[in-house]
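For this chain, numbers begin at 1 and follow the sequence in order.
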Amino acid sequence: MQIMTLIAALPGAVAQGLIWGIMAIGVYLTFRILDIADLTVDGTMCTGGAVCIMMMLSGHNVWTAMLAATIAGMLAGLVTGIFHTFMGIPAILAGILTQLSLYSINLKIMGKANQAINVDKYNLLVSLRHIKNSDLTKNAIFIVAVICIVLIAVLYWFFGTELGCSLRATGCNPNMSRAQGINTDLCKVLGLMISNGLVGLSSALLAQYQGFADVNMGRGSIVIGLAAVIIGEAIFGRIFHNFALRMVAVILGSILYYLVLQAVIWMGIDTDLLKMLSAIVVALFLAFPYWKGKYFNKSVKRGGK
C-alpha cells in the first residue's frame, strides 16, 4: 500500500523536477558558464510567479503573463549586473542586495504575502490537477517537457553565435576575452539577465502549477538549482559532452532530485529537515572533486612511485 502511495506521487515529482529544471539551467549558466555564484535567484523565483499570477488575475492571458514574468526576471538580473559591473560590488554580494530588494518588491506586486489562482476560473498552462488522467494537451509533464526542449534548442543556438561564444569566453578567461576586444562587463550583465529570465519563467510555471504565488516560494532556490546542476554533472557528465546535452543533464538532475525528495518524504523523514539535507547533498557533491584531487590522486601517485 505504501509503495503504491510512492508510485502515485512520482508523476508530480517529475512535473516539479521539469519546472525547477528550467530554473536550474539558469543557475547552470551563471555558475558554470560565467563562473558567478548568483544569489538573485532566491528573489527572482518569487518575482516571476508574482508577476504571472497578478497579470492573470487582472485579465491578461497566460502567454502575456509568462512573458511579463520572464522580462521581470531579466530586469532583476540587469540590476544585479549593474551592481556588479558598474558599481564594482562583488557578484555574490550584488546578488544578495538584489534578492533583499526583491522581497519588498514582490510584496508590492502581490499586495500581500500570498496570492492564489484557481484553475477552474483561469486558463492556466499547467496545473497539478492535470498530471494524471488528462489529455496530452493539458498534461503538465508533457507541456513543461516541450517548453524545456524549446528552451534548450534556443539556448544551444544562441551560445553558438558570436555573442554567445563571447559569454562563454568571458566565464572561461575574462582577461584573455578583454584582450580579444570582448566587452566582458556587457557579457556578464547579459548572462545574468538570461539566467534570471529563465528563473522568472520557471517561477511563473511553478506558481500556475501549485495554484498560488507566495513571497517565500523562492527561499533556498539556489540550493535546489545547485543540487540539480551537480547531480546532473555527477551522473551524466561523462556521457553528455555536448552543450545541449549538458543542459538536458541539468534537467535530469532536477528530476532525480525531486524523485529522491519524494522517496525521502515517503520514508517518513521529518520534512522540516529537507532543506538541510539538500544543503548537505550539495556540499558533498561539491567537495568530492576536491577530495579526489587532494587525497585519492596523491595515494595513486605514491603507489606508482
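The SG atom of Cys172 sits 9.5 Å away from the CG atom of Asp35 when rounded to the nearest 0.5 Å. Interatomic distance, CG of Asn242 versus CE of Met247, reported as 8.0 Å (0.5 Å rounding). Once rounded to the nearest 0.5 Å, the distance linking CG of Leu205 with OG of Ser127 reads 12.0 Å. Summarising the geometry, atom OH belonging to Tyr103 is positioned 13.0 Å from atom CG belonging to Asp42; distances are rounded to the nearest 0.5 Å. How far OG1 of Thr44 is from CG of Leu201: 12.5 Å, rounded to the nearest 0.5 Å. Residue Leu102 holds its CG atom at 4.0 Å from OG1 of Thr47, rounded to the nearest 0.5 Å.
Contact annotation: the side chain of Val260 never approaches that of Ile231 to less than 4.5 Å [non-hydrogen atoms, C-beta and beyond]. Using a 4.5 Å heavy-atom cutoff, the side chains of Val119 and His130 are in contact. In this structure, the side chains of Cys148 and Ile22 come closer than 4.5 Å at one or more pairs of heavy atoms. Residues Leu125 and Ile147 form a side-chain contact, since some pair of their non-hydrogen atoms from C-beta on lies under 4.5 Å apart. With a 4.5 Å cut-off on side-chain heavy atoms, Asp185 and Phe86 do not count as touching. At a threshold of 4.5 Å between non-hydrogen side-chain atoms, the residues Tyr209 and Ile131 count as touching. Counting heavy atoms from C-beta outward, Leu155 and Ile194 have side chains that approach closer than 4.5 Å. Side chains of Leu192 and Leu78 form no contact here, defined as non-hydrogen atoms less than 4.5 Å apart.
Between the Thr70 side chain and the Gly200 main chain, no donor and acceptor come within less than 3.5 Å of each other. Side-chain atoms of Ser195 do not come within 3.5 Å of backbone N or O of Gly191 as any donor-acceptor pair. A donor-acceptor pair under 3.5 Å links the side-chain atoms of Thr170 to the main chain of Ser166, judged by distance alone. Between the side chain of His60 and the backbone N or O of Met55, at least one donor-acceptor pair lies under 3.5 Å. Side chain of Gln115 to backbone of Met110: a donor-acceptor contact under 3.5 angstrom is found. Looking only at distances, no side-chain donor or acceptor of Arg178 sits under 3.5 Å from a matching main-chain atom of Thr184. Looking only at distances, a side-chain donor or acceptor of Ser254 sits under 3.5 Å from a matching main-chain atom of Gly21. A donor-acceptor distance shorter than 3.5 angstrom exists from the side chain of Ser101 to the backbone of Leu97, with no hydrogens or angles considered. For the pair Asn61 (side chain) and Thr64 (backbone), a donor-acceptor distance under 3.5 Å is present.
Between Met45 and Gly218, the shortest heavy-atom distance links the atoms CB-CA, 3.7 Å. When all heavy atoms are compared, the tightest approach of Leu39 to Ile92 is CD1-CG1, 3.8 Å. Among all heavy-atom pairs drawn from Asn118 and Arg129, the shortest one is OD1-NH2, 4.1 Å. Taking every heavy atom of both residues into account, Ser177 and Ala169 meet most closely at OG-O, 2.8 Å. Between Phe212 and Gln210, the closest heavy-atom pair is O-NE2, 3.1 Å. The shortest heavy-atom contact between Asn123 and Met56 is O-CE, 3.7 Å.
Glu233 pairs in a salt bridge (Lys or Arg N to Asp or Glu O under 4.0 Å) with only one of the listed residues (Arg238, Arg32, Arg246), which is Arg32. Looking at Leu93, Ile89, Thr98 one by one, the single match for side-chain contact (heavy atoms from CB on, under 4.5 Å) with Thr80 turns out to be Thr98. Checked against Tyr257 for a side-chain contact (heavy atoms from CB on, under 4.5 Å), the options Leu252, Ile224, Ile230 give a single hit: Ile224.
At most 12 heavy atoms of other shown residues, nucleotides or ligands fall within 6.0 angstrom of atom OH in Tyr156.
Hydrophobic clustering of Ile, Leu, Val, Met, Phe, Trp and Tyr side chains at less than 4.5 Å, counting indirect connections, keeps Phe159 apart from Met193. Under the 4.5 Å side-chain contact rule for hydrophobic residues, Leu29 and Trp157 share a cluster. Both Ile239 and Val229 are assigned to one and the same hydrophobic cluster, defined by single-linkage of ILVMFWY side chains at heavy-atom distances under 4.5 Å. With hydrophobic clusters built from ILVMFWY side chains whose heavy atoms lie under 4.5 angstrom apart, Val199 shares a cluster with Ile105. Both Leu151 and Phe158 sit in one connected hydrophobic cluster of ILVMFWY residues. Membership requires side-chain heavy atoms under 4.5 Å apart, directly or through other members.
Using cut-offs of 30° and 60° for the angle between ring planes, the Phe243 and Tyr28 rings count as tilted.
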**OP:** Might you work through the side chain to side chain contact (heavy atoms under 4.5 Å, CB included) test for Ile251 and Val248, ending with a clear yes or no?
**Re:** CA-CA 5 Å; Ile251 290 177; Val248 172; 5.7 Å; no

**OP:** Could you go through the side chain to side chain contact (heavy atoms under 4.5 Å, CB included) check for Leu67 and Trp63 one step at a time?
**Re:** CA-CA 6 Å; Leu67 177 62; Trp63 297 106; over 6 Å; no

**OP:** Show your working on side chain to side chain contact (heavy atoms under 4.5 Å, CB included) between Ile25 and Ile152 and close with a plain yes or no.
**Re:** CA-CA 9 Å; Ile25 290 176; Ile152 289 172; 4.1 Å; yes

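A donor-acceptor pair shorter than 3.5 Å cannot be found between the side chains of Thr40 and Asn196.
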